[in-house]
Amino acid sequence: MTKLIVFTDLHMVPEGKTIIGLDPFQRLETGIAHVNAYHPDADGVIVTGDLVHHGDGESYARLKTLLDRLIPPLHLAIGNHDNRENFLSVFTDTVVDENGFVQRVLDYADCRALVLDSLFAPPYEYPITHAGFLCQKRMRWLDAELKSASEAGKPVLIFLHHPPHKTGFTGMDLIKLINEGDFYDLVESHGNVRHIFAGHVHRTINGSHRGIPYSIFKSPVHQQPMPFDMPDASLSVDEPAAYGIVVTTEHGLQVHNEDYEIAKRDPSPAKY
């Protein structure tokens with residue numbers, strides 16, 4: 001059994017700044033303390049991008065002081081709010097692939113996790129780069145690692161920032177992974193991907209696309225408004241912070257969502 005904690009969309013800002021009046025530092029600090037208290041045995045913590053809000057070095061440095069507190073091993077992906085160069089200048093021990101993308105393989109006893117870099121940059125030209133993209137170099141890397149996993153007899157879990165398909169939210173679907181067809185054609189050709197995990201949307205979403213299950217998690221900070229037809233992808237609401245818990249089993253896996261700010265550890269028996 002492998003247990004992975006999944007955070008996404010941390011959106012760290014410089015000290016003294018907030019997002020819709022919320023403090024990303026405080027919200028994440030509470031989440032890290034929760035993981036350390038109740039899941040110190042996790043095999044890893046994977047963060048699927050948008051580590052900071054404006055891609056600046058000050059925010060990455062501030063974020064690192066928090067993430068260094070985690071007990072389980074940490075693995076980071078980047079998203080559309082990130083700056084790859086600024087990120088790597090602060091998180092200097094980050095594993096990158098042969099082309100400098102923030103991609104890595106995590107091998108566990110019963111599965112292989114692939115962490116992808118879906119940032120469509122440089123150049124950093126917003127709003128164009130808010131959508132995700134896997135270039136030919138990154139796709140070749142994914143192809144090779146899926147083939148290697150198949151040869152090793154390991155099912156694969158894919159983690160990336162941008163959902164590689166529509167999620168039903170009009171504004172966010174405009175900035176999903178733009179080469180989703182190529183991505184799924186490649187994934188299907190190997191037949192060994194058991195689940196896809198993403199962030200970006202700031203909602204808890206579970207389903208399947210082209211026969212492959214997927215899960216999307218909420219942010220520790222702010223969430224996407226629930227109405228589906230909002231064309232503005234920048235709108236946010238204050239709802240409880242959350243992270244995901246992924247547990248592999250003998251026959252598959254389970255995906256749990258922990259609303260850690262409102263979670264209770266001392267349940268009372270229900271009265272009927």
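For the single chain, residues carry numbers from 1 onward in sequence order.
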inquiry  = Would a single hydrophobic cluster contain both V156 and L134, if residues Ile, Leu, Val, Met, Phe, Trp and Tyr are joined by side-chain heavy-atom contacts under 4.5 Å?
reply    = yes
With Y60 as partner, the option from N86, N83, D82 fulfilling side chain to side chain donor-acceptor pair (under 3.5 Å) is D82
Centre-to-centre under 6.0 Å for H202 and H222, is that the case here? yes
### Query
Taking a hydrophobic cluster as the set of Ile, Leu, Val, Met, Phe, Trp and Tyr residues connected by side-chain heavy atoms closer than 4.5 Å, whether directly or through intermediates, do V221 and L66 fall within one such cluster?
no
Applied to residues 234-245, the side chain to side chain donor-acceptor pair (under 3.5 Å) test, sequence neighbours excluded, yields R27-D238, H34-Y243, R203-E239, D232-S234
query = Do any N or O atoms from the side chain of T249 and from the backbone of G252 form a donor-acceptor pair under 3.5 angstrom?
reply = yes
Problem set entry | Ionic contact status for E180 with K176, cut-off 4.0 Å | yes
May I ask you to say whether R69 pairs ionically with E29, meaning some side-chain N is under 4.0 Å from a carboxylate O? yes
Check: V47 and L74 side chains under 4.5 Å, non-hydrogen atoms
yes
Between N80 and the options I128, T129, D50, the side-chain contact (heavy atoms from CB on, under 4.5 Å) test singles out D50
Discussion item. Checking the side chain of R112 only, and the main-chain atoms of I158 only, is there a donor and an acceptor separated by less than 3.5 Å?
Written reply: no
Go through the side-chain N and O atoms of H195 and S215 and say whether any donor and acceptor fall under 3.5 Å apart.
yes
**Asked** Is there a donor-acceptor pair closer than 3.5 Å between any side-chain N or O of D23 and the backbone N or O of T18?
**Response** no
Between Y108 and A113 the two heavy atoms that sit nearest each other are CE1-CB, 4.2 Å
Rounded to the nearest 0.5 Å, the OG atom of S150 sits from the CG atom of N192 at a distance of 5.0 Å
**Report entry** Crowding at CD, E15 (>12 non-hydrogen neighbours, <6.0 Å)
**Finding:** no
Donor on one side chain, acceptor on other, R104 and T94, under 3.5 Å: no
Is there a side-chain contact between L67 and F91 in this structure, where contact means two heavy atoms from C-beta onward sitting under 4.5 Å apart?
yes
When rounded to the nearest 0.5 Å, the distance separating NZ of K137 from CG of D117 is 12.5 Å
message: Just by distance, no angles: are the side chains of S219 and Q223 close enough, under 3.5 Å, to form a donor-acceptor pair?
response: no
key: Test: R138 cationic atom under 6.0 Å from F101 six-membered ring centre, within 45° of axis   = yes
Exercise. Please tell me if the side chains of I19 and P24 come closer than 4.5 Å, counting only heavy atoms from C-beta onward.
Key: yes
Original post:
Would you say the side chains of K147 and H190 form a donor-acceptor pair under 3.5 Å?
Top reply: no
Rounded to the nearest 0.5 angstrom, the CD1-CZ distance for I205 and F169 is 5.0 Å
- Flag the pair K218 and D259 as a salt bridge only when some basic side-chain nitrogen lies within less than 4.0 angstrom of an acidic carboxylate oxygen. yes
V102-L106 co-clustered via ILVMFWY side chain contacts under 4.5 Å: no
* Asked: Sub-3.5 Å donor-acceptor pair from the side chain of T167 to the main-chain atoms of P163, do we have one?
  -> no
dist L10:CG -> M12:CE (nearest 0.5 Å) comes out at 6.5 Å
Rounding to 0.5 Å, atoms CZ (F197) and CG (N206) come to a distance of 9.0 Å
Closer than 3.5 angstrom, by distance alone: can the side chain of T248 be matched with the main-chain N or O of T2 as a donor-acceptor pair? yes
#### Entry: Aromatic plane relationship, H130 with H81 - under 30° parallel, 30 to 60° tilted, over 60° perpendicular
tilted
Is there a side-chain contact between D56 and P14 in this structure, where contact means two heavy atoms from C-beta onward sitting under 4.5 Å apart? yes
Between A198 and T48 the two heavy atoms that sit nearest each other are C-OG1, 4.1 Å
Query - Heavy-atom neighbours of K154 NZ exceed 12 at 6.0 Å - result: yes
Rounded to the nearest 0.5 angstrom, the OG1-CG distance for T92 and L88 is 9.5 Å
If you group Ile, Leu, Val, Met, Phe, Trp and Tyr by side-chain heavy-atom gaps below 4.5 Å, do V247 and F217 land in one group? no
Carboxylate-amine/guanidinium contact K166 D173, below 4.0 Å = no
Side-chain donor or acceptor of T170 paired with backbone N/O of F228 under 3.5 Å | yes
inquiry  = Ring-plane angle category for H162 and H200, please: parallel below 30°, perpendicular beyond 60°, tilted otherwise.
reply    = tilted
Q. Going by the angle between their ring planes, with limits at 30° and 60°, are F133 and F120 parallel, tilted or perpendicular?
A. tilted
- Take the angle between the ring planes of H165 and Y214 and call it parallel below 30°, perpendicular above 60°, tilted in between. tilted
Backbone of G100 reached by a side-chain donor or acceptor of D97 within 3.5 Å = yes
